[in-house]
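Just so you know, these numbers come straight off a predicted model, no measurement behind them.
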Amino acid sequence: MSPTLRLYNTLTRTKQDFAPIDASNVRMYVCGPTVYDYAHIGNARPVIVFDVLYRLLRHIYGAEHVTYARNLTDVDDKINARAARDYPGLPLNEAIAKVTQTTTAQFHRDIDALGTLRPTTEPRATEHIEEMKAIIERLIARGVAYVAEEHVLFHVPAVAHLVKAPKYGTLARRSLDEMLAGARVDVAPYKRDAMDFVLWKPSRDGTDPGWPSPAGIATPGRPGWHIECSAMSMAKLLTPFGGGLACDDPMKNVFDIHGGGIDLVFPHHENEIAQSCCAFGAAEGQPLMANIWMHNGFLQVEGEKMSKSLGNFVTINDLLETDVFGGQKWHGRVLRLAMLMTQYRQPIDWTVERLVEARSALFEWNELCFEAPEGDREIEEVIRPLFDDLNTPAAVAGLHVLAKAVRSENGPPKVVAASRLRKALTLLGLYHDGSSVELLRQDIRDRELDRKVESLIAARLDARRAKNFAESDRIRDELAAMGIALKDGKDPATGEPTTTWEVKR
């Protein structure tokens, strides 16, 4: 009997059984990146965490029954600034399009290297401006938003007077005074209350992109950050399934899972809840926008908060393509395993030692199951921990158990054990179908090194078969000089000589 999937809900501060609204249409929304520059390693954590959950949901309900939406924010002051800097001779909208096209492509290349699946849908903010404006008009009509000096603002105190609307601060579990004390709020004379936040703002000529404004505002404008996710989740996870602004049943305006980093709980996710529930309506006892809210913990680098001022700001691309961290390049799946060695809700310390440990384990596992058939056998050692709120450290321990089984078996049972290991690695996005040496070497793009190492290993095996020990020792010494340590053995089934290797750094 399959275990029950249990997930920690930030809203209730408890683990709870996951019961989808509709098992044939499981829906998850995760806040994605703002595409203005390279994504840093902290950005990779939610990408990997929710990719594991996506894979698990597909495993349980079937790939065709899971919709995963992860947005791209392509309206932002940082994008505008980079566009003006990089393409000063182009019209603003063209310059912005070039920036977002380039940075989105780079983001995809980087996270593809981490072994992540592409989400079902990847909405861009600029594709859903009309939906944002429609939600804003609804919020104004319901008395929880107002126009002031060509801005539209959400009036937080008004939520308390709206029938059946959720209390503002429910997700963060803070009072208004506590949230105000801990927030970076924009001070503006046109605000009715310090906690009010922007839904729409006017665009500056020649500096900002702009669209026709809602609420009769003559000046072109652009959306605030929070309204974007309410509109995109509505467009991808509510409207196609009978919900959205045209639906009068608030119970249809809820999806299954909303995820993101812990830093988004307040104000971003709190504001999403306020906007969506006030615009679409809320029923008595209804969950807030999503049944389960999930948040991954913070990441620090070598024991310190990552920041450019400390000189420890590291991008995914830095780790994949340069030697700035630990003096070498790292394979994407090594980065992925290093991330999964800590449970997603816990803080993670990103260290060279962690990456070395992940690299060693992943190399061994890949060697043990490389080219083994994946098969359809159960992998409870890994599945059961994942059902317990994505307990990936326990799942990684399960991989060690599966690997031990491969090492201890002989004959046909060895193939069965190897196929189970491969299936488990594939489920976690860790199986690497290329040369094992890629997982270990400094220059993971250097195919010449691949060929050289593999050629020397093959030549040494030939020398061992011919009992040419002098040549075998010479090749061993040459490989040692390259930093590659060998371990010789024999195939228990055929008696043929075998060699495994690892890179010693």
Side-chain angles (χ1 to χ4, degrees), residues 38-49 51-52 107 109-116 261 296-308 310-344 346-368 390 392-400 403 424-425 428-446 449-450 453 482-485 500-505:
Y38 287 105
H40 59 70
I41 189 58
N43 299 139
R45 194 170 193 195
V47 170
I48 292 172
V49 164
D51 179 72
V52 172
F107 172 71
R109 284 194 295 271
D110 288 346
I111 65 168
D112 285 350
L114 301 177
T116 60
N296 62 269
F298 288 112
L299 178 144
Q300 59 182 15
V301 177
E302 297 286 0
E304 294 185 298
K305 182 179 179 181
M306 184 170 62
S307 72
K308 291 181 179 178
L310 292 175
N312 65 354
F313 186 89
V314 186
T315 69
I316 304 170
N317 193 258
D318 286 336
L319 293 162
L320 294 171
E321 303 288 357
T322 78
D323 63 0
V324 300
F325 194 76
Q328 69 169 86
K329 300 178 183 181
W330 300 93
H331 193 280
R333 281 178 170 77
V334 171
L335 304 180
R336 183 184 181 94
L337 176 57
M339 201 72 79
L340 298 182
M341 286 159 58
T342 297
Q343 205 269 350
Y344 77 93
Q346 303 304 314
I348 186 171
D349 191 12
W350 194 255
T351 65
V352 173
E353 181 181 8
R354 168 185 288 265
L355 297 187
V356 170
E357 180 185 349
R359 183 183 63 187
S360 177
L362 195 58
F363 171 76
E364 181 194 18
W365 297 337
N366 193 77
E367 285 287 281
L368 287 171
L390 301 186
T392 54
V396 169
L399 291 173
H400 283 290
L425 289 169
L428 288 168
L430 293 171
Y431 181 71
H432 173 60
D433 58 4
S435 168
S436 295
V437 77
E438 282 191 30
L439 299 168
L440 300 169
R441 57 189 167 80
Q442 286 191 335
D443 188 351
I444 65 169
R445 301 289 187 262
D446 187 355
L449 180 60
D450 267 354
V453 170
M482 296 167 61
I484 295 173
T500 58
W501 69 94
E502 64 177 334
V503 175
K504 298 291 187 182
R505 297 299 180 200

Contacts of type side chain to side chain contact (heavy atoms under 4.5 Å, CB included), residue E357, not counting sequence neighbours: M341
Audit row: T116, R336, side chain to side chain donor-acceptor pair (under 3.5 Å) steps and yes/no: CA-CA 9 Å; T116 60; R336 183 184 181 94; 5.5 Å; no
Any I348 side-chain heavy atom under 4.5 Å of Q300 side chain: no
Side chain to side chain contact (heavy atoms under 4.5 Å, CB included), paired with L425, selected from N366, L430, L368: L430
Side-chain heavy-atom pair L320, K329 within 4.5 angstrom cut-off: no
A44 to L114 - nearest heavy-atom pair and separation: CB-CD1, 3.9 Å
Any donor-acceptor N/O pair, T315 side chain to H40 backbone, under 3.5 Å: no
Nearest atoms (heavy-atom pairs only) where A424 meets L399: CB-CD2, 3.6 Å
Non-hydrogen atoms of V301 and D349 that approach each other most closely: C-OD1, 3.8 Å
Any donor-acceptor N/O pair, R45 side chain to F298 backbone, under 3.5 Å: yes
Passing option when Y38 is tested against N43, N317, D318 for side chain to side chain contact (heavy atoms under 4.5 Å, CB included): N317
Straight-line distance of L362 CG to E367 CD, nearest 0.5 Å: 10.5 Å
Short side-chain to backbone donor-acceptor contact, E302 and V352, under 3.5 Å: yes
For the student: nearest non-hydrogen atoms of A395 and L428, plus distance: CB-CD1, 4.5 Å
Test salt bridge (charged side-chain N to carboxylate O under 4.0 Å, His left out) applied to D110 - qualifying residues, sequence neighbours left out: none
CG on L337 to CZ on R359, rounded to 0.5 Å: 12.5 Å
Separation of N296 CG from Q346 CD (nearest 0.5 Å): 11.5 Å
M306 CE to I41 CD1 distance, which is reported to the nearest 0.5 Å: 8.0 Å
R333 side chain to L439 backbone, donor-acceptor under 3.5 Å: no
Salt bridge (charged side-chain N to carboxylate O under 4.0 Å, His left out) partners for D323, two or more places apart: none
Between CZ on residue F325 and CH2 on residue W350, distance to nearest 0.5 Å: 7.5 Å
From CG (L390) to OH (Y344), nearest 0.5 Å: 6.0 Å
Non-hydrogen atoms of A338 and A358 that approach each other most closely: N-CB, 3.8 Å
